[in-house]
Amino acid sequence: MSAPPSRVEAFLSGPQPATLTTLRPDGSPHVVPVRFTWDAIAGLARVLTRAPSRKARNLTFRQGGRAALCQAEGFRWITLEGVATVSADHERVAEAARRYTERYGSPPPDPLDRVVIEISVDRVMNLNL
């Protein structure tokens with residue numbers, strides 16, 4: 001990470017959405033706007049979604065697959081990339097919802113089939129941070 005950590009943390013705590021890129025079973029990219037949270041201590045980016053969503057199905061199909069989140073604002077951007085997993089574990093989903101509420105100021109939707117995508121970030125790229 002070339003930018004000072006404090007600038008990165010400030011940027012990742014803002015209300016901007018990001019795009020999440022996963023790979024479909026045929027290998028083509030699926031890119032969708034999402035809200036997410038960043039946990040610098042754990043090195044985890046979290047995205048809440050529904051189990052039947054394309055993004056969750058892509059990661060379930062390709063166990064150990066990678067995903068990338070890209071948050072941009074003007075000419076500043078950051079991409080968080082790593083191995084992604086999908087979990088329906090109540091504690092993990094609750095932690096993701098808690099962090100979402102803290103970041104965005106309101107609770108996320110709570111469908112019965114809610115899951116969390118956790119990206120264990122091992123690559124960070126950024127510009128103008």
Side-chain angles (χ1 to χ4, degrees):
M1 191 177 317
S2 60
S6 60
R7 285 192 200 163
V8 168
E9 294 304 316
F11 189 67
L12 290 173
S13 65
Q16 303 89 343
T19 57
L20 173 68
T21 302
T22 59
L23 297 178
R24 294 181 183 98
D26 68 4
S28 64
H30 172 72
V31 183
V32 62
V34 296
R35 286 182 162 190
F36 75 100
T37 62
W38 169 240
D39 180 347
I41 294 170
L44 282 178
R46 295 177 176 95
V47 175
L48 287 164
T49 191
R50 296 180 58 234
S53 70
R54 169 49 57 196
K55 56 190 163 284
R57 288 183 298 141
N58 287 345
L59 294 168
T60 301
F61 174 81
R62 194 179 301 271
Q63 294 293 323
R66 297 181 66 79
L69 275 166
C70 183
Q71 177 179 301
E73 181 180 57
F75 292 105
R76 300 183 315 151
W77 59 264
I78 189 162
T79 297
L80 307 173
E81 182 182 326
V83 174
T85 58
V86 178
S87 176
D89 176 79
H90 176 73
E91 289 181 21
R92 289 177 149 181
V93 171
E95 178 63 10
R98 182 190 70 76
R99 289 175 177 275
Y100 178 106
T101 301
E102 185 178 288
R103 179 175 182 183
Y104 294 104
S106 63
D110 188 15
L112 293 176
D113 55 0
R114 184 166 69 173
V115 295
V116 61
I117 294 171
E118 294 178 330
I119 303 169
S120 181
V121 175
D122 58 22
R123 182 179 296 157
V124 177
M125 298 165 282
N126 66 74
L127 180 68
N128 294 327
L129 289 181

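Just so you know, residue 1 is the first one in the sequence shown, and it goes up from there.
- A continuous path of ILVMFWY side-chain contacts below 4.5 Å connects Val47 to Val93, so both sit in one hydrophobic cluster.
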Carefully, step by step, assess Ser120 and Leu44 under the rule side-chain contact (heavy atoms from CB on, under 4.5 Å). CA-CA 5 Å; Ser120 181; Leu44 282 178; 4.3 Å; yes
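- Residues Arg62 and Asn58 bring no donor and acceptor atom of their side chains to less than 3.5 Å of each other.
- Transitive grouping of hydrophobic side chains (ILVMFWY, heavy atoms separated by less than 4.5 Å) brings Leu129 and Phe36 into a common cluster.
- Summarising the geometry, atom CG belonging to Asn126 is positioned 10.0 Å from atom CZ belonging to Arg7; distances are rounded to the nearest 0.5 Å.
- Environment of CD in Gln63: crowded, with over 12 heavy atoms of neighbouring residues, nucleotides or ligands closer than 6.0 Å.
- Residues passing the ring-ring contact (aromatic ring centres under 6.0 Å, His included) test with Tyr104 are Tyr100, sequence neighbours excluded.
- Considering every non-hydrogen atom in both Arg24 and Pro29, the closest pair reads NH1-O, 2.6 Å.
- Heavy-atom minimum distance, Pro52 versus Asp113: CD-OD2, 3.2 Å.
- The line from CG of Leu59 to CD of Glu118 is 11.5 Å long, rounded to the nearest 0.5 Å.
- Pairing each heavy atom of Val86 with each of Ile117, the nearest pair is CG2-CG1, 4.2 Å.
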Please tabulate, for side-chain N and O atoms in residues 70-85, each donor-acceptor pair with protein atoms closer than 3.5 Å (sequence neighbours left out).
unit_1 : atom_1 : unit_2 : atom_2 : d
Gln71  : OE1    : Arg103 : NH2    : 2.8
Gln71  : NE2    : Phe11  : O      : 2.7
Gln71  : NE2    : Gln16  : OE1    : 3.3
Glu73  : OE1    : Gln16  : NE2    : 3.4
Glu73  : OE1    : Arg76  : NH2    : 2.4
Glu73  : OE2    : Gln16  : NE2    : 3.1
Glu81  : OE2    : Arg66  : NE     : 3.3
Glu81  : OE2    : Arg66  : NH2    : 3.2
Glu81  : OE2    : Arg123 : NH1    : 3.1

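- Every residue two or more places apart in sequence or in another chain that forms a salt bridge (Lys or Arg N to Asp or Glu O under 4.0 Å) with Arg99 is listed here: Asp39, Glu95.
- Note on Val115 and Leu48: same hydrophobic cluster, where clusters join Ile, Leu, Val, Met, Phe, Trp and Tyr whose side-chain heavy atoms are under 4.5 Å apart, directly or indirectly.
- Taking NZ of Lys55 as the start and OG1 of Thr21 as the end, the distance is 11.5 Å to the nearest 0.5 Å.
- When all heavy atoms of Pro108 and Arg114 are compared, the pair lying nearest together is CG-NH1, 3.4 Å.
- Following chains of ILVMFWY side-chain contacts shorter than 4.5 Å, one cannot reach Met125 starting from Val121, and the two form parts of different hydrophobic clusters.
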Should Ser28 and Asp26 be marked as a side chain to side chain donor-acceptor pair (under 3.5 Å) after you check the CA-CA gap, both sets of side-chain angles, and the distance that decides it? CA-CA 6 Å; Ser28 64; Asp26 68 4; 2.6 Å; yes
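- When all heavy atoms of Thr49 and Ala56 are compared, the closest pair comes out as CG2-CB, 4.1 Å.
- Atoms CG and CZ, from Leu69 and Arg35 in turn, are 14.0 Å apart once rounded to the nearest 0.5 Å.
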